[in-house]
Amino acid sequence: MLLDAHSRMVDAVHAGNKDAEVGVTISMQEHVAEPGGEEFAKAANEKLNLSWLRSAGAVGDFVAVQDYTRHRYNSQGRITETENMEDAGYTMAPESLGATVRLAHEVTGKPVWVTEHGADLPTARDAERAAFITASLGGLHDAISDGVPVAGYVHWSLTDNWEGGGRRRTAYAQSNLSCSKRSAGA
């Protein structure tokens, strides 16, 4: 039903404006196999990335990626990460952005937008956020240099995310909720 609705929406937008570009955004993570974890990584990548790219990603003019992390697998399954973590519990793995963008284009053959990417970190960790974004964009640049048609990048986000009562610190500009004052982040 979801895929049918997406396909009909793409057709309706194109019927109204043949020059309009329409696509879908897919939340993706890189799935990496450590020795013995190949089958676990392959199965997770199939279920969480490839199946969506081949179905919803095949309809429309572009595919968009939301990327925040990577998952690693060993012979026991998914590895619980404890290092280089951001506050929402994701591993900060800058190489994941380039990998997911490459995969999205490889599977769909379509131009790729990055519609969300960032890190949930408090202001005190702005230097880590800046390093993470810089390294991630380096990987995105490498993908572009290798011929992946990246149409745009949208950071998560300019202002703080108000999900969870405003506790998420995802932005370049930080908000003081007690007085609504904003200040520049990293």
To the nearest 0.5 Å, how far apart are [atom1] in [X] and [atom2] in [Y]?
X: Ile144; Y: Arg102; atom1: CD1; atom2: CZ; value: 10.0 Å
X: Thr69; Y: Met28; atom1: OG1; atom2: CE; value: 13.0 Å
X: His117; Y: Ser136; atom1: NE2; atom2: OG; value: 3.5 Å
X: Ile26; Y: Thr100; atom1: CD1; atom2: OG1; value: 11.0 Å
X: Glu38; Y: Ser75; atom1: CD; atom2: OG; value: 9.5 Å
X: Glu86; Y: Leu121; atom1: CD; atom2: CG; value: 6.0 Å

### Query
Where do His141 and Leu137 land on the side chain to side chain contact (heavy atoms under 4.5 Å, CB included) test, with the steps shown first?
CA-CA 6 Å; His141 178 268; Leu137 291 177; over 6 Å; no
### Query
Do His14 and Asp19 have side-chain atoms, one donor and one acceptor, less than 3.5 Å apart?
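Checked: His14/Asp19 side chains show no N/O donor-acceptor pair below 3.5 Å.
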### Query
Among Thr108, Val107, Asn49, whose side chain to side chain contact (heavy atoms under 4.5 Å, CB included) with Arg54 holds?
Val107
If you compare all heavy atoms of [X] against all heavy atoms of [Y], which two are closest, and at what distance to 0.1 Å?
X: Lys110; Y: Ala58; value: CE-O, 3.4 Å
X: Gln76; Y: Phe40; value: C-CE1, 3.9 Å
X: Ser7; Y: Val59; value: CA-CG1, 3.8 Å
X: Ser96; Y: Asp67; value: OG-OD1, 2.6 Å
X: Val13; Y: Ala20; value: CG1-CB, 3.7 Å
X: Gly118; Y: Phe132; value: O-CE2, 3.4 Å

### Task
Tell me, with the steps shown, if Leu140 and Val101 meet side chain to side chain contact (heavy atoms under 4.5 Å, CB included).
CA-CA 8 Å; Leu140 184 62; Val101 164; 3.9 Å; yes
Mind checking whether [X] and [Y] sit in one hydrophobic cluster, side chains of I, L, V, M, F, W, Y counted as touching below 4.5 Å?
X: Val148; Y: Val65; value: yes
X: Leu50; Y: Leu2; value: yes
X: Leu103; Y: Phe62; value: no
X: Val63; Y: Trp52; value: yes

### Query
So, do Tyr90 and His71 have ring centers that fall under 6.0 Å from each other?
no
#### Entry: Salt-bridge criterion met for Asp126 and Arg129 (N-O under 4.0 Å)
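Between Arg129 and Asp126 there is a salt bridge, with a charged N closer than 4.0 Å to a carboxylate O.
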### Query
Are Arg125 and Glu128 within salt-bridge range, i.e. N to O under 4.0 Å?
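Counted as a salt bridge, because a side-chain N and a carboxylate O are separated by less than 4.0 Å.
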### Task
Hydrophobic side-chain clustering at under 4.5 Å (ILVMFWY, transitive links): who's grouped with Ile79? Put none if nobody.
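Cluster partners of Ile79: none, it stands alone.
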### Partner of Tyr73 by side-chain hydrogen bond (donor to acceptor under 3.5 Å, both in side chains), out of Glu34, His31, Arg78
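Exactly one candidate clears the test, His31.
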### Query
So do Met85 and Thr91 actually touch side chain to side chain, heavy atoms under 4.5 Å?
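SC-SC contact between Thr91 and Met85 confirmed.
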### Any Leu97 side-chain heavy atom under 4.5 Å of Tyr153 side chain
yes
